[in-house]
Amino acid sequence: MKSESQNSFAIAGAGLLGRLLAWQLLRQGHKVTLYDAGALTSPNCAAWTAAGMISPLSEAVVSDRNVYEMGLYALQIWPRWLQELGKDDAALYEGRGSLVVAHPQDLSELQQFAQDLEYVLPEASNYRHVAGPEIHDLEPDLSSSFQQGLLLEDEAHLDNRTLLLRLASEIRRLGAHCIEHCPVEVSAGAVISARGEERFDWVLDCRGTGAKDRLTELRGVRGETLHVQTNEVRLHRPVRLMHPRYQLYIVPKPEQRFIIGATQIESEDRSPMSLQSSLELGSALYTIAPAFAEARILEQGVNLRPAFMDNQPHITRTEGLISANGLFRHGYLLAPAVVTQVLAELGLSAPSPFAHLLTPSLGESQL
Amino acid sequence: MNDLQNDNLTLYGESFTSRFLLGTALYNSPEIMRSSIEASRCEIVTLGLRRQNPGNRDGDAIWRYIQESGCRLLPNTAGCKSVKEAVTLAEMSREMFDTPWVKLEVIGDDYNLQPDPFGLVEASENLIKKGFKVLPYCTDDLILCQRLLDVGCEVLMPWGSPIGTGQGLLNRYNLNTLRERIKNVPLIIDAGLGAPSQAAEAMEMGFDGILLNSAVAKAQNPPLMAEAFADAIDAGRKAFRAGLMQKRQTASPSTPTVGQPFWHQ
């Protein structure tokens with residue numbers, strides 16, 4: 001017999017949301033079964049492909065205030081969660097801000113960014129304009145052609161791959177039943193797979209684009225990234241390049257690795273990176289710092305961001321089944337708010353400020 | 001022209017009440033795109049396919065969503081840099097969307113996306129022979145426009161200025177020449193407009209319609225900007241039909257000014 005307070009949870013999908021929810025529930029003493037179509041140590045979720053930025057200001061410009069407010073929450077929560085995860089895990093978080101730059105001939109793109117920021121967040125004061133010498137002090141290896149920029153002081157980034165692996169080992173340590181290489185279908189209180197139908201008190205559907213079978217309004221948005229490695233360039237923070245055709249970022253990772261990303265193409269195409277995209281990403285990288293010319297390309301990442309038509313995350317809830325999905329290009333930025341709201345829906349945490357994430361319907365089709 | 005009731009835009013034999021064509025790229029979300037389409041009152045939307053792996057129908061989710069707007073889809077060949085690429089993509093889009101209409105772009109310069117006039121004529125000729133209804137995105141060069149008509153285009157879409165620049169009507173002299181010399185073919189200003197006043201001006205000059213994307217999609221409130229353009233296009237069209245007065249020069253009077261002694265004039 002289980003105790004009053006202990007429930008059995010099935011989590012479908014071991015992406016970022018699935019792992020965070022599993023970890024939180026296990027810490028509260030619940031019984032968790034975590035399903036994934038792949039393997040926990042070699043994930044193919046969007047969160048593995050992502051660059052792991054926590055950038056509420058930059059992302060507000062391409063979305064809205066709602067994303068900004070969830071992002072501010074993420075800036076508070078991530079350092080705390082990482083500390084709780086393990087004594088060395090706090091180091092996975094870097095909070096040195098981010099730098100937005102444009103080449104002199106593209107300065108209007110930078111001005112547009114500043115104007116959009118001012119429009120979406122008129123009260124925000126956590127950023128400032130920086131000129132050439134200060135840009136050079138902040139990031140000595142950047143090309144000297146950058147004479148104007150914006151420093152978004154509070155933004156941060158995570159070593160996201162290490163984090164996902166750490167979460168996996170912590171989830172196992174806390175006793176989760178992890179079922180890998182097992183695609184599933186979900187319904188209220190039940191998970192259906194090649195193993196048959198298994199019953200739980202609650203099923204949490206965190207399958208991202210894998211949930212398209214149920215959530216008809218969900219779509220995938222293709223993103224492509226390059227991973228390079230070089231000892232010749234050091235960056236202390238993510239750098240965003242504003243350009244008339246594309247807006248890209250470079251995020252420093254451990255061992256002198258860098259991720260440059262990401263294209264955003266309205267297509268559910270998972271095929272390898274196109275030459276056009278690799279040219280765009282590569283030439284942007286090269287103009288940020290010409291020393292990248294001799295960097296080695298370690299990986300070309302391609303994945304689909306799960307998104308609803310408003311590009312905002314949504315949670316639906318029926319008795320025995322909660323769906324959380326649609327984190328789009330903002331996984332690490334929005335996951336803390338979404339996880340907090342799911343826990344609140346389950347009555348396992350205090351009411352959260354993100355109740356608006358709960359949506360009556362996402363076009364669920366009945367199985 | 002003087003019929004105040006019927007002022008429809010006719011393109012390849014089809015009639016439209018709106019003179020505004022809107023692009024579907026660059027919005028912060030598909031939902032904002034759809035609200036903008038609605039606010040624009042447009043009946044034709046353009047759609048880029050080049051990078052979406054169209055052969056596999058990998059863009060189906062977003063295409064279906066755009067189709068639900070009820071607008072006519074005008075597939076474009078944005079991003080194509082050669083005749084062959086543009087023709088292949090046009091053929092694919094005809095098959096996918098069951099329409100012979102195509103907004104033809106053959107891009108000559110990667111940075112400012114300026115049309116390649118030579119490739120454009122060649123691709124137009126090729127596609128028209130295959131039964132396409134081609135709406136070519138071209139520059140404001142008269143001879144290019146005449147060549148496009150020679151190969152069978154029945155609509156022309158000259159730029160106001162390069163794509164995405166928001167510079168407005170950069171060469172009014174050329175644009176006026178086009179309008180005066182090409183009277184009976186619909187001319188739609190495509191690209192380069194940043195402000196509704198620029199769209200109104202083009203319509204006052206007698207252009208038949210406006211196609212744009214960035215000015216609406218990159219506005220901080222895209223649906224509101226879509227409505228502003230729709231209103232400006234309507235106003236400009238009405239002004240053209242009503243007949244603008246000639247500007248008058250009054251700096252140096254030709255006759256004595258009443259009440260002022262003539263030796264002071």
Side-chain angles (χ1 to χ4, degrees), chain A residues 59-64 66-67 103 105-106 108-109 112-113 115-122 209 212 215-222 224 243-247 263-277 279-280 283 302 304 306-312 326 328-329 363, chain B residues 23-37 47-69 78-81 85 96 107 109-114 162-167 192 194 214-215 217-225:
Chain A
E59 293 299 308
V61 168
V62 292
S63 52
D64 61 11
N66 185 30
V67 164
H103 291 289
Q105 56 272 48
D106 298 332
S108 62
E109 307 301 320
Q112 182 75 51
F113 181 92
Q115 187 186 319
D116 291 346
L117 196 52
E118 172 78 26
Y119 179 86
V120 182
L121 307 166
T209 50
K212 271 182 56 126
L215 308 177
T216 54
E217 290 175 17
L218 193 69
R219 74 190 196 285
V221 180
R222 178 176 165 99
E224 298 154 300
H243 179 277
R245 297 276 88 78
Y246 39 77
Q247 298 188 351
T263 58
Q264 188 170 311
I265 298 172
E266 282 289 353
S267 174
E268 297 183 332
D269 169 17
R270 286 182 184 273
S271 64
M273 179 184 288
S274 68
L275 185 67
Q276 172 82 30
S277 297
L279 288 170
E280 285 179 6
S283 58
V302 175
L304 301 185
F308 294 107
M309 288 299 174
D310 61 358
N311 288 350
Q312 299 273 341
F328 187 42
R329 49 178 280 160
Chain B
T24 54
L26 306 173
Y27 296 86
N28 277 357
S29 75
E31 193 175 275
I32 291 172
M33 179 248 297
R34 273 258 294 266
S35 319
S36 304
I37 292 173
L47 179 63
L49 306 175
R50 179 70 178 130
R51 303 196 67 187
Q52 293 173 314
N53 206 13
N56 283 353
R57 305 201 65 103
D58 284 331
D60 259 5
I62 192 77
W63 299 331
R64 227 179 307 118
Y65 189 75
I66 296 172
Q67 268 170 323
E68 284 166 16
S69 70
C80 291
K81 298 186 181 81
E85 278 173 84
M96 288 169 54
I107 296 304
D109 183 275
D110 191 47
Y111 190 73
N112 76 358
L113 305 181
Q114 176 157 350
I163 294 179
T165 57
Q167 296 278 349
S214 307
K218 300 318 283 176
Q220 281 129 8
N221 184 337
L224 189 58
M225 188 60 88

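Side chains included, hydrogens not; waters and symmetry mates left out as well; all remaining heavy atoms used. Per chain, numbering begins at 1; letters A, B, ... match sequence-line order. From a predicted model like this one, the values you see are computed outputs, not experimental measurements.
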Open item on the list: Between A:E266 and B:Y65, is there a side-chain heavy-atom distance shorter than 4.5 Å?
Closed with: no

- [ ] Counting only heavy atoms closer than 4.5 Å, note whether B:Y111 contacts chain A via side chain, backbone, both or neither.
- [x] both

TODO: Please state whether the side chain, the backbone, both or neither of A:V221 comes within less than 4.5 Å of a heavy atom of chain B.
DONE: neither

TODO: Look only at the side chain of A:N311 and the backbone of B:N28, and say whether a donor-acceptor pair between them is shorter than 3.5 Å.
DONE: yes

- [ ] Name the region of A:E118, side chain, backbone, both or neither, that has any atom closer than 4.5 Å to a heavy atom of chain B.
- [x] neither

Task: Intermediate values then yes/no, side chain to side chain contact (heavy atoms under 4.5 Å, CB included), A:E268 and B:D60 - done: CA-CA 8 Å; A:E268 297 183 332; B:D60 259 5; over 6 Å; no

Task: Proximity breakdown for A:S277 and chain B, heavy-atom pairs closer than 4.5 Å - done: both

TODO: Side chain from CB out, backbone as N, CA, C, O: work out which of these in A:S274 comes under 4.5 Å of a heavy atom of chain B, or both, or neither.
DONE: side chain

TODO: Kindly compute the distance separating CG (A:D64) from CD (B:Q220), expressed to the nearest 0.5 Å.
DONE: 13.5 Å

Task: Contacting region of A:Q276 [heavy-atom separation from chain B under 4.5 Å] - done: both

- [ ] May I ask you to name which of B:L113, B:D110, B:N221, B:I32 has the most heavy-atom pairs under 4.5 Å with chain A?
- [x] B:L113

Open item on the list: Restricting to non-hydrogen atoms, name the atom on A:M309 and the atom on B:P30 that form the minimum distance, rounded to 0.1 Å.
Closed with: O-CD, 3.0 Å

Task: Among the listed options A:Q264, A:R222, A:Q115, the residue most often paired with chain B at heavy-atom distances under 4.5 Å - done: A:Q115

